[in-house]
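The next block holds one structure in the form of structure tokens; read it before the comments.
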Number of protein chains: 2
Amino acid sequence: MAAITIDDVASLAGVSIKTVSRVLNHEPHVRAATRERVLAAVDSLKYRPNVSARALAGSRSYLMALFFDNPSPGYVHQIETGAMGACRNSGYYLIVEEMLESGVELERRVAAFNSTVRMDGVILPPPLCDRTELLAALDAEKVPYVRIAPTTHLDRAPYVFMDDRQAAYEMTTYLQSLGHRDIAFIAGPPDHTAAARRLEGFRDAMEQAGLPVGPDRVQNGAFSFLSGAECGELLLTAADRPSAIFAGNDDMALGVMAVANRLHIDIPGTVTLAGFDDSPGAQVVWPQLTTVRQPVADMAREATELLIAAGRGDVGPKARRLDFEIIVRQSSGPPAR
Amino acid sequence: MAAITIDDVASLAGVSIKTVSRVLNHEPHVRAATRERVLAAVDSLKYRPNVSARALAGSRSYLMALFFDNPSPGYVHQIETGAMGACRNSGYYLIVEEMLESGVELERRVAAFNSTVRMDGVILPPPLCDRTELLAALDAEKVPYVRIAPTTHLDRAPYVFMDDRQAAYEMTTYLQSLGHRDIAFIAGPPDHTAAARRLEGFRDAMEQAGLPVGPDRVQNGAFSFLSGAECGELLLTAADRPSAIFAGNDDMALGVMAVANRLHIDIPGTVTLAGFDDSPGAQVVWPQLTTVRQPVADMAREATELLIAAGRGDVGPKARRLDFEIIVRQSSGPPAR
DNA sequence: TCTGCGTTTGACAGCGCTGTCTTACCGTTT
DNA sequence: AAACGGTAAGACAGCGCTGTCAAACGCAGA
């Protein structure tokens, strides 16, 4: 396994190693015929440039980092998938790191990381992307980064996002279109920006349709299965039960579903249920959950591509919005009678 | 951000860079006093060696790769967590790659990967770890690897695993200890080695307890939610319903649970249910599922540590068995009446 | 005191590439 | 035919570290 180096390619093509380097890096000033010869040599030798050598000699390392602190495996996995895909297409590699520390420790960790592995960019999913110390540390190290669905410091760095408010608005509209007029909403933690936006979208859609939303029709959950179950129990056992429940995320919707099953309340026959996120659990439950699909993988892909483009000197857009999708499954239907 | 190099440390400590290198690599032939001086300099400068330079100059790259093709986000995430933890403790970094191709394409991909980033080792979770082409490609490239829960070619390379048969045996024993005598088992695909082992453990425990297992008491599922639901329906609607159902994995157990809810069969009041895997869904369901916790993250950690030790020249054990755990939650209880 | 041998330390080359600078080349213009 | 300007290609240094080998050191015994 004597590794093939750029010298081998150069001598086979009958050019200097610098010319091979030019071809590989898509630099100008190479005659078309020469380029062909080089590429043919690269092909026949199956030559692949070594990233460590490139990183050491040049200004790019071809390494992207994905930092995360999100406890949800499904979410992280989707982010990874998107980021990995973008990296692969451009000859980059992805290093994944869990960043659970905060404050000074976080800053130290980032600095240490960056001196050992000079990365070309960092992808920051929520909620990590909202940590001020992190942004500061990255800025100090001059490492480019792109944030995914950030909620603060929006002018500080490029980011990709989706419109939570609009998504909740459209889901609510969909439920109304089925004939529901008494719809309850289970909100997430008020300090969670996306959660607040979703509630906003729900309220706007109800108001616009001229439908009242009583105070007991908005319950405060915590984005967890358990909190969903609690809020669900409250709503489902009330004397005047809503005909539809829209939970601010899938975990809470699944909580509601568990309670409904226990209370022998048929979904969607008696009560319609909708969630938000299209988490893996949404399909592994019966009935399968009507929900909003967030383009999580796509956001990560876009973020990574932004970073890669920036490495080439292309300045991309400051922010990029991606589209959600309303996924209608079996948990929603027209109201009873 | 003028990066701090080994030269800075060397001149501060008043030694040559080679001596600093020796200290950093725990090489012998450095006087204790010298080592202290060097370490103090490293500390005060917050110096971190650069992995690219190390990889280029030396025989180690400090990069581990995790290849996977497992579609389950939860499983992959646990593997990652374990592997990342081990890497972090030893100054290694983890590159994650999804390897969906097969045959010659897989071999090519591995070869290309290894020439661009010369990794110190590869972690192979199932089912990827059972692909003969992959092992061949890795062997050809002379890249060390450790497999997690492999089922074939066990003598080919080190691996970590857990005893599926024993785990199923103990879970069955636990169900018996609750008073269940008529227990049904939903098996996984027969060609899936772990699935076969679990069935084996179930049968052994039943036989040893002198309990009969009728032919209809072992249903063949496919490790999926849907197949679990189908088998569950068969078992639960039969005239002579078993008092307990042990599903070969959690997904199938959740399928059974969904059907039971729909049929208004109380779990665990009427029928006890147990799964296997302790997947994320097991806790996000009501009642929470009694199951077997596989030490997935621990297996990945051990695998990574084996690889790191091998890089230092230590030859570890050929195989390492880790312990499972029976997790008793709310889906199991004494038989009715 | 000197020799001999093991231990500690350093000089130096070079890993495989890219950045910078220089030279060779080729077609135009005067 | 000479001079020019721009493009194509190469020479060379060096990125930050480790491996090899040689030198210096220190302590034993003669």
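Source: prediction; values computed, not measured. By convention in this document, chain letters (A, B, ...) are assigned in the order of the sequence lines, proteins followed by strands, and residues within each chain are numbered from 1. Just the heavy atoms: all of them, side chains too, but no hydrogens, waters or symmetry mates, feed the values below.
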Using chain A heavy atoms and a threshold of under 4.0 Å, write down where along DNA chain C the contacts begin and end, 5' to 3'. dG16(C) to dT20(C)
Side chain to side chain contact (heavy atoms under 4.5 Å, CB included) filter on Ala53(B), not counting sequence neighbours, yields Leu56(A), Asn50(B)
Around Arg37(A), counting heavy atoms of other residues, nucleotides and ligands shown, do more than 12 lie under 6.0 Å from its CZ? yes
Heavy atoms within less than 4.0 Å of DNA chain D: which residues of residues 11-27 of chain A have one? Give them sorted by number. Val15(A), Ser16(A), Lys18(A), Thr19(A), Arg22(A)
If you compare all heavy atoms of Glu80(A) against all heavy atoms of Leu94(A), which two are closest, and at what distance to 0.1 Å? O-CD2, 4.2 Å
Side chain to side chain contact (heavy atoms under 4.5 Å, CB included) test vs Tyr145(A) passes for just one of Leu306(A), Asp139(A), Leu134(A), namely Asp139(A)
Check Glu98(A) with Arg88(B), please: is the shortest side-chain N to carboxylate O separation under 4.0 Å? no
What residues from residues 33-44 of chain A pass a heavy-atom cutoff of under 4.0 Å to DNA chain C? none
Is any side-chain heavy atom of Phe161(B) closer than 4.5 Å to one of Ile148(B)? no
Mark yes or no for whether Asp8(B), through its side chain, and Thr5(B), through its backbone, hold a donor-acceptor pair below 3.5 Å. yes
Indicate yes or no: does Glu101(A) engage Arg108(A) in a salt bridge with an N to O separation below 4.0 Å. no
Nearest heavy-atom contact between Ala10(A) and Ser16(A) is CB-C, 3.8 Å
Nearest-Å distance for atom pair CG/C1', residues Asp7(A) and dC12(D): 14 Å
Can you list, in residue-number order, the parts of residues 55-63 of chain A that come under 4.0 Å of DNA chain D, counting heavy atoms only? Leu56(A), Ala57(A)
With distance as the sole criterion, is a donor-acceptor pair present between the side chains of Ser52(A) and Ser52(B) under 3.5 Å? no
Centroid separation under 6.0 Å, is that true for the rings of Phe68(B) and His77(B)? no
Distance-only criterion, 3.5 Å: show the donor-acceptor pairs between side-chain atoms of residues 112-129 of chain B and protein atoms not counting sequence neighbours.
| from | atom 1 | to | atom 2 | distance (Å) |
| --- | --- | --- | --- | --- |
| Asn114(B) | ND2 | Glu141(B) | OE1 | 2.9 |
| Ser115(B) | OG | Ala111(B) | O | 3.2 |
| Ser115(B) | OG | Ala112(B) | O | 3.0 |
| Thr116(B) | OG1 | Tyr93(A) | OH | 2.8 |
| Thr116(B) | OG1 | Ala112(B) | O | 3.3 |
| Thr116(B) | OG1 | Phe113(B) | O | 2.9 |
| Arg118(B) | NH2 | Ser59(B) | O | 2.8 |
| Asp120(B) | OD1 | Ser61(B) | N | 2.8 |
| Asp120(B) | OD1 | Ser61(B) | OG | 3.1 |
| Asp120(B) | OD2 | Ser61(B) | N | 3.1 |
| Asp120(B) | OD2 | Tyr62(B) | N | 2.9 |

Categorize Pro49(B) for me: base, sugar-phosphate, or nothing, with a 4.0 angstrom heavy-atom threshold over every strand shown. sugar-phosphate
Would you call Asp155(B) and Lys318(B) a salt bridge, taking side-chain N to carboxylate O under 4.0 Å as the test? no
